[in-house]
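Below, read A as the first sequence line, B as the second, and so on, with proteins coming before strands; counting in each chain starts at 1.
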There are 2 protein chains.
Amino acid sequence: MGSDATDQPRRSRRERPAKPALSRDGIVATAVGIMRSEGLAKVTMRRLAQELDTGPASLYVYVANTAELHAAILDELLEPLRAEDGGDWRERLEGLLTSYTTTLFAHPGLARAALVIQPSGAHYLRLVESLLALLDEGGIPPAQAAWGVDLLLQYTTATAAEQATRDQSADTQAVWDSLTDTLHGTSDRTHPHIADLATRLVSGTAEQRMSWGIATLINGIRATPVPTGDAPDRRDRV
Amino acid sequence: MGSDATDQPRRSRRERPAKPALSRDGIVATAVGIMRSEGLAKVTMRRLAQELDTGPASLYVYVANTAELHAAILDELLEPLRAEDGGDWRERLEGLLTSYTTTLFAHPGLARAALVIQPSGAHYLRLVESLLALLDEGGIPPAQAAWGVDLLLQYTTATAAEQATRDQSADTQAVWDSLTDTLHGTSDRTHPHIADLATRLVSGTAEQRMSWGIATLINGIRATPVPTGDAPDRRDRV
DNA sequence: ACCTGAACACCGTTCAAGT
DNA sequence: ACCTGAACACCGTTCAAGT
């Protein structure tokens, strides 16, 4: 009983489980799959089309371009993100931002895409909502929270983008060594401050830096009022 | 008299002013030229080779890869950056960071490269030195200044990367409108904080946001001590 | 309306062979 | 040592033509 062509009269089966109809959701889901197994760099229109057993042109019926596709992938990855229940608002805020960063870390290259596209998917909005709720709980004035949430997300996204890229490249250690050497070798006369702080400039683990960075941002956001007056919209729209 | 073969016995001239010898500096200078006139996206190994009248393989004698080339271009652009003379240290710090951002703004795409590569050229080091001097002048504790300078440069670089990309794309307005609509259309019940702050989330000009962001970072850096103890090197090297 | 083959106009990087 | 032609293994996007 090696064959199973019983109730499906004619149609090439096996290999592919009956080519499913194309849909935006199906395309995004397949894209996520490729990214998880091979990284974002492999998620190209051509490769994706191949996976879906069609030509690249077909995808443009559902996705405007590669950037939009990457935005959709990102939002999909944010699905499991949720703030913890117990604890101090600061701890929960740091926890939520850390899981956001961890998510981006796990998928090198997506963080860079996130910096370049303006995410606006459902899961991203939920993340923003959670962050605003925590800042509110911490008594941060609304205007500062509104601008601050941008700062917090930008910081974590940019950090993930940097870190992810560096981990990816094979010669990270070499680059690092040469930077350390450059800093320590800097002349005391031309660059006194760098020479003085050489060790401190590169001290700390990524986790320590991130934790300090988030605390620094929160302290800054709390302490810095936004300019008063009816500030115009960023696009000068009324 | 269509020919002009007078005092140069044999050698195809005209068109190209006698092909110069390749050198790293020449390659970088040519790359900067292409970037200024056509944008970073056009600075490819192939295009650069064509400009230098050779094949792409020849460039690999002087430049390890495209990322290294972009790093070299960035450093070249930082050459004219200098802190102003007069005024408050805060104003001069903001001024210097603003000219850094303006430089990246003027060349869309380079900011993104700056986030991905660890800059370490001579002009970048001078910028770091200037920032450390200003933070020192402002009485920021050395350990906080050392970590803070990273935060300030990351913030400005990431902001430029975001802004540059968005200005570049033709349908910026459409994306913006749809984001605004999304925010304002967000249900009061599912996303109460977003609904409440919708206007504030998108308020302010890019300049106002940047200025507030820098002030926020400085306040945070001043207020947040770095973890004590002999913190290990970021790479655990002793 | 949805889908597609084929084409247009490109990429980075390597390598064996030359000078 | 430096330079190169040619190749390998790819890209995103468009468009006319089909169903």
Would A/His123 and A/Glu79 count as a side chain to side chain donor-acceptor pair (under 3.5 Å) if you check the C-alpha gap in whole Å, the side-chain angles of each, and the deciding distance to 0.1 Å? CA-CA 6 Å; A/His123 300 126; A/Glu79 197 279 319; 4.7 Å; no
How many whole angstroms separate atom CG of A/Leu59 from atom C1' of C/dT4? 11 Å
Take A/Trp147 and B/Ser203 through the test side chain to side chain donor-acceptor pair (under 3.5 Å) and record every step on the way to the result. CA-CA 8 Å; A/Trp147 284 20; B/Ser203 72; 3.0 Å; yes
I need a per-nucleotide contact map over nucleotides 8-19 of chain D, read 5' to 3'. Cutoff is protein heavy atoms under 4.0 Å; write B for the base, S for backbone only, - otherwise. B--BBBBB----
Between B/Glu51 and B/Arg46, does any NZ, NE, NH1 or NH2 come within less than 4.0 Å of an OD or OE carboxylate oxygen? no
What would the secondary structure line of DNA chain D be in dot-bracket form, counting Watson-Crick and G-U wobble pairs under 3.5 Å, with [ ] for pairs that cross earlier ones and | for pairs with another strand? ||.|||||...|||||.||
Determine the minimum heavy-atom distance between B/Val28 and B/Ala72, stating which atoms define it. CG2-CB, 3.8 Å
Interatomic distance where CG belongs to B/Leu48 and P belongs to D/dT4 [whole Å]: 13 Å
side-chain contact (heavy atoms from CB on, under 4.5 Å) partners of A/Ser130, counting only residues at least two apart: A/Leu96
Look at A/Glu162 together with A/Arg112 and state whether they make a salt bridge at an N to O cut-off of under 4.0 Å. no
Closest approach of B/Asp75 and B/Ala122, non-hydrogen atoms and distance? OD2-N, 3.2 Å
Taking atom P in both C/dC8 and D/dA9, what distance in whole Å separates the two? 23 Å
Separation between CD (B/Glu94) and OG1 (B/Thr101), nearest 0.5 Å, reads 9.5 Å
